[in-house]
A.B. asks: 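Here it is, the structure, as structure tokens.
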Protein chains: 4
Amino acid sequence: MAERSAPTDGPVGPDPRRRSERARRAVLTAAAELLGEVGFAKMTVEAIAARAGVGKQTIYRWWPSKAGVLLDVFTELTGSGSEERLPDTGDLAADLKAVLRATVDEFNDPVIDRTARAFTAEIQHDSAFAEAVREQQLRPGLEAYKARLRSAQEAGEIDPGLDLDIAVELLTGPFHQRWLQRTAPLTHGYVDALVDTALRGMRPPG
Amino acid sequence: MAERSAPTDGPVGPDPRRRSERARRAVLTAAAELLGEVGFAKMTVEAIAARAGVGKQTIYRWWPSKAGVLLDVFTELTGSGSEERLPDTGDLAADLKAVLRATVDEFNDPVIDRTARAFTAEIQHDSAFAEAVREQQLRPGLEAYKARLRSAQEAGEIDPGLDLDIAVELLTGPFHQRWLQRTAPLTHGYVDALVDTALRGMRPPG
Amino acid sequence: MAERSAPTDGPVGPDPRRRSERARRAVLTAAAELLGEVGFAKMTVEAIAARAGVGKQTIYRWWPSKAGVLLDVFTELTGSGSEERLPDTGDLAADLKAVLRATVDEFNDPVIDRTARAFTAEIQHDSAFAEAVREQQLRPGLEAYKARLRSAQEAGEIDPGLDLDIAVELLTGPFHQRWLQRTAPLTHGYVDALVDTALRGMRPPG
Amino acid sequence: MAERSAPTDGPVGPDPRRRSERARRAVLTAAAELLGEVGFAKMTVEAIAARAGVGKQTIYRWWPSKAGVLLDVFTELTGSGSEERLPDTGDLAADLKAVLRATVDEFNDPVIDRTARAFTAEIQHDSAFAEAVREQQLRPGLEAYKARLRSAQEAGEIDPGLDLDIAVELLTGPFHQRWLQRTAPLTHGYVDALVDTALRGMRPPG
DNA sequence: TTCTAAGCGAGACGGTACGTCACGTCTTAAG
DNA sequence: CTTAAGACGTGACGTACCGTCTCGCTTAGAA
């Protein structure tokens with residue numbers, strides 16, 4: 001999934017310098033298209049190869065699985081998520097609501113919904129893929145929340161003794177669970193209420 | 001002209017009165033064994049049938065997929081989950097911690113962990129299965145939490161204006177997310193802290 | 001395929017006196033219809049039973065196979081072929097041509113063609129069925145030819161020393177082979193030429 | 001855009017240049033062995049594949065059915081039957097008797113008998129297979145007879161006006177019918193008598 | 001005239017084989 | 001050595017029928 005950096009370290013597999021950029025792009029494009037058309041589960045490596053006009057071996061040479069290809073699709077799209085940052089207007093509740101409302105809108109988009117579910121499914125039995133998704137997709141998002149909460153902590157908006165990991169989970173966990181289990185629809189009203197309730201648990205004591 | 005007893009059903013499939021209890025039990029037992037031995041992903045319908053000494057068609061006649069079989073295994077084990085109830089000692093925090101600590105222990109059992117992950121994965125691309133799991137496995141659990149919180153609400157322990165669905169999610173969502181994303185280990189200390197923080201958000205105002 | 005005659009001889013199977021005539025007729029009718037619609041090869045015992053509104057077991061109770069059923073269909077239709085006799089006008093060539101022309105017409109009927117081919121196929125790997133077909137369907141036909149040739153022999157039309165079995169085969173074998181192998185179409189002209197040539201081989205010497 | 005070398009063919013199926021000779025031979029060998037051991041009817045594509053150490057798909061890729069495989073077995077054995085020729089000693093009767101006696105011996109060999117019967121059965125409901133068998137196995141044989149008879153015609157041994165197709169059938173049809181219907185055993189004596197009788201019908205007039 | 005054993009319709013059962021799909025590896029020919 | 005193409009061995013899929021085996025129901029014969 002990641003480019004190898006040095007050709008002489010241990011057993012290296014194919015030489016990345018010889019990799020065909022044309023083929024790489026064709027594969028990622030084909031995979032992205034297929035994801036939209038048939039979804040992750042019904043997508044096959046053979047179909048990606050055929051659509052990309054690429055030999056199957058070319059896929060297997062450079063990616064560990066179709067999940068790996070998809071991960072690269074997203075890493076490509078999101079610029080590896082490195083510069084994610086939440087708004088910080090000084091009003092924590094408002095900032096969180098804005099972000100979560102945007103997230104609601106995203107997850108109500110069928111393509112994003114399907115893709116995220118596919119990732120969730122795949123993560124369960126492919127731990128290398130899970131690790132990669134966690135680091136490249138999830139962690140940056142959670143870190144952004146954590147940074148915003150730390151800022152609020154420094155501003156005295158929330159309890160300085162609070163475990164920020166738990167605080168982040170208090171905001172994202174309920175949302176994530178409701179989405180994943182489809183127990184109820186995701187709406188702006190819902191995330192507003194969620195933020196209000198969660199923040200009550202974070203207020204400075206006294 | 002058919003003289004079945006249930007006149008209001010739509011397409012009913014095979015007549016359940018003729019179903020062989022012996023075969024049903026053999027399939028569920030075989031599936032449970034295989035789940036423990038090879039895990040859900042490597043389990044096949046053919047293997048279940050072979051181990052159960054049953055024709056494949058007998059499985060396809062009564063279950064929609066191997067996931068359906070596994071769902072029945074669990075429904076069987078948990079007594080269809082109808083009478084789940086949380087302890088109610090009058091101390092909400094203590095009760096919730098006790099329950100969540102037990103859940104931590106469960107999810108740290110590799111077999112349960114693997115199975116729950118397999119279910120989570122399967123749910124993502126099989127909506128009929130998702131519906132069944134939601135109703136038979138998830139809903140009863142969440143309802144039990146909700147009932148306990150309602151009791152606490154009536155006892156004046158928590159804010160009477162609180163949306164109980166959100167309250168339940170505040171307790172289970174973070175746990176569920178941490179487990180699913182493996183962002184950090186599940187420990188008794190974690191759930192204690194989680195309960196304490198979440199409950200701070202639920203206290204009666206004033 | 002044949003009715004059992006005595007209820008006390010050896011292992012007798014089901015009691016023929018209790019046999020349901022309604023079911024028997026329904027099966028034969030259904031089988032005949034299916035033969036015309038899908039042909040013998042694609043016909044299944046299940047389909048016969050379903051079409052006849054009969055349990056599969058009822059078929060297996062009274063017939064050894066679907067071929068057995070079909071044989072009964074034909075035995076029923078042809079009155080067991082007992083009274084077959086060729087015309088005898090005194091002109092052997094004319095009589096044979098008339099009969100063979102009629103046979104050409106029969107075998108050019110698609111239903112008869114398909115049925116006869118199905119029998120031919122089935123005979124190859126079911127020797128009990130082969131025996132039954134041979135005795136009930138083939139032998140009477142060949143005997144009729146033989147009788148007509150014997151009559152011609154007595155009338156001095158053909159060589160008294162001729163082996164009549166070979167003589168019959170000389171007339172029917174070529175026809176049968178051409179039909180079976182589809183090497184050329186079956187026409188009235190063909191059988192006329194065949195009869196003429198074959199009879200040249202049978203003339204009295206001198 | 002595909003750059004295959006045969007530009008005039010219709011839908012061609014897989015590229016025969018890529019075909020694995022090893023797999024092809026293994027399949028034919030396995031099929032031949034199984035034919036001898038269990039016969040055509042009890043032979044399955046799965047068994048051929050297993051014995052050959054080949055995937056089922058490899059069989060389905062190159063042959064339309066198990067009958068197609070068997071046809072190739074025979075085409076392989078008989079050198080595609082292209083150069084069949086009957087002996088021509090100048091004595092037509094003797095030559096025909098020699099050939100037919102040899103054929104009697106062949107058909108009295110159980111393996112050949114069973115195989116020929118299986119082909120006969122298969123031909124009845126698979127017209128593509130029938131066509132192939134007719135062209136590759138039957139036609140060359142019949143042509144050889146026809147050539148020998150033409151030679152005899154030119155030598156003045158038989159009637160120059162005779163329809164040679166009928167003449168061939170007069171010799172092979174009776175034999176074929178007797179074999180197929182098992183009305184009587186195939187012996188050297190029988191074919192001798194058959195040849196004698198048939199040739200009487202072919203003599204030059206006068 | 002009732003009783004009772006059978007045949008009956010229905011169709012589930014344990015099996016076998018089917019023909020298809022996709023996997024991940026291997027082979028070929030071209031560049 | 002990489003590439004496009006695609007054949008290969010493998011293994012599971014879900015379906016079709018096989019012939020056997022229960023189920024209740026009906027039905028005809030002997031009691």
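Per chain, numbering begins at 1; letters A, B, ... match sequence-line order. For clarity, every value in this text was computed on a predicted model and none was experimentally measured. Keep in mind that the numbers below use all heavy atoms, side chains included, and drop hydrogens, waters and symmetry copies.
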A.B. asks: Between the two end axes of the helix from E:dT4-F:dA28 to E:dG31-F:dC1, each built from 5 base pairs, what angle do you get to the nearest 10°?
C.D. replies: 20°
A.B. asks: In this structure, how many angstroms lie between the P atom of E:dT20 and the CH2 atom of D:Trp63, rounded?
C.D. replies: 16 Å
A.B. asks: Students often get this wrong, so: under 4.0 angstrom with heavy atoms, is B:Arg22 touching a base, only sugar-phosphate, or nothing?
C.D. replies: sugar-phosphate
A.B. asks: Expressed in angstrom and rounded to an integer, what is the separation of D:Arg61 atom CZ from E:dC21 atom P?
C.D. replies: 13 Å
A.B. asks: Of A:Gly53 and D:Val54, whose nearest nucleotide on DNA chain F comes first from the 5' end?
C.D. replies: A:Gly53
A.B. asks: Give each protein N/O atom lying under 3.5 Å from an N/O atom of nucleotides 21-27 of chain F, with the pair distance.
C.D. replies:
unit_1 : atom_1 : unit_2  : atom_2 : d
F:dC21 : N4     : C:Gln57 : NE2    : 2.2

A.B. asks: Using side-chain heavy atoms (C-beta onward) and a distance below 4.5 Å, is D:Lys56 in contact with D:Glu46?
C.D. replies: yes
A.B. asks: Is any side-chain heavy atom of A:Val73 closer than 4.5 Å to one of A:Leu35?
C.D. replies: no
A.B. asks: Taking the nucleotide of DNA chain F with the closest heavy atom to each, which residue, A:Ala50 or B:Lys66, is nearer the 5' end?
C.D. replies: A:Ala50
A.B. asks: Is any side-chain N of the basic residue among C:Arg51 and C:Glu37 closer than 4.0 Å to the acidic one's carboxylate O?
C.D. replies: yes
A.B. asks: Has C:Ser20 got a side-chain N or O lying under 4.0 Å from the OP1 or OP2 atom of E:dG7?
C.D. replies: no
A.B. asks: C:Trp63 ring centre to C:Arg19 NZ or CZ under 6.0 Å, with the angle to the axis within 45°?
C.D. replies: yes
A.B. asks: Among F:dA4, F:dC13, E:dC13, which is the nearest nucleotide to the side chain of A:Ala23?
C.D. replies: F:dA4
A.B. asks: Within this structure, what is the CD1-to-C1' distance between A:Ile59 and E:dT25, rounded to whole angstrom?
C.D. replies: 14 Å
A.B. asks: Going by heavy atoms in the side chains, are D:Thr115 and D:Phe74 under 4.5 Å from each other?
C.D. replies: yes
A.B. asks: Is there a side-chain contact between C:Trp62 and the phosphate of E:dA6, meaning an N or O under 4.0 Å from OP1 or OP2?
C.D. replies: no
A.B. asks: Nearest heavy atom decides the nucleotide; on that basis, is D:Tyr60 or B:Gly55 closer to the 5' end of DNA chain E?
C.D. replies: B:Gly55
A.B. asks: Charged N to carboxylate O under 4.0 angstrom, C:Glu76 versus C:Arg25?
C.D. replies: yes
A.B. asks: With no hydrogens and no angle check, do the side chains of C:Thr120 and D:Gln124 hold a donor and an acceptor under 3.5 Å apart?
C.D. replies: no
A.B. asks: Counting the benzene-type ring for Trp, do C:Phe119 and C:Phe40 have ring centres under 6.0 Å apart?
C.D. replies: no
A.B. asks: Roughly how many Å is it from CD1 in A:Ile48 to C1' in E:dG24, rounded to a whole number?
C.D. replies: 14 Å
A.B. asks: Please state how far atom CD in D:Glu21 lies from atom P in E:dT27, giving the value in whole angstrom units.
C.D. replies: 16 Å
A.B. asks: In Å and rounded to the nearest 0.5 Å, what is the NZ to CG distance from A:Lys66 to A:Asp126?
C.D. replies: 11.5 Å
A.B. asks: Which nucleotide, E:dA17, E:dC8, F:dC17, lies nearest any side-chain atom of C:Thr44?
C.D. replies: F:dC17
A.B. asks: Output the single nucleotide from E:dC13, E:dC8, F:dC18 whose closest atom is nearest the side chain of C:Glu46.
C.D. replies: F:dC18
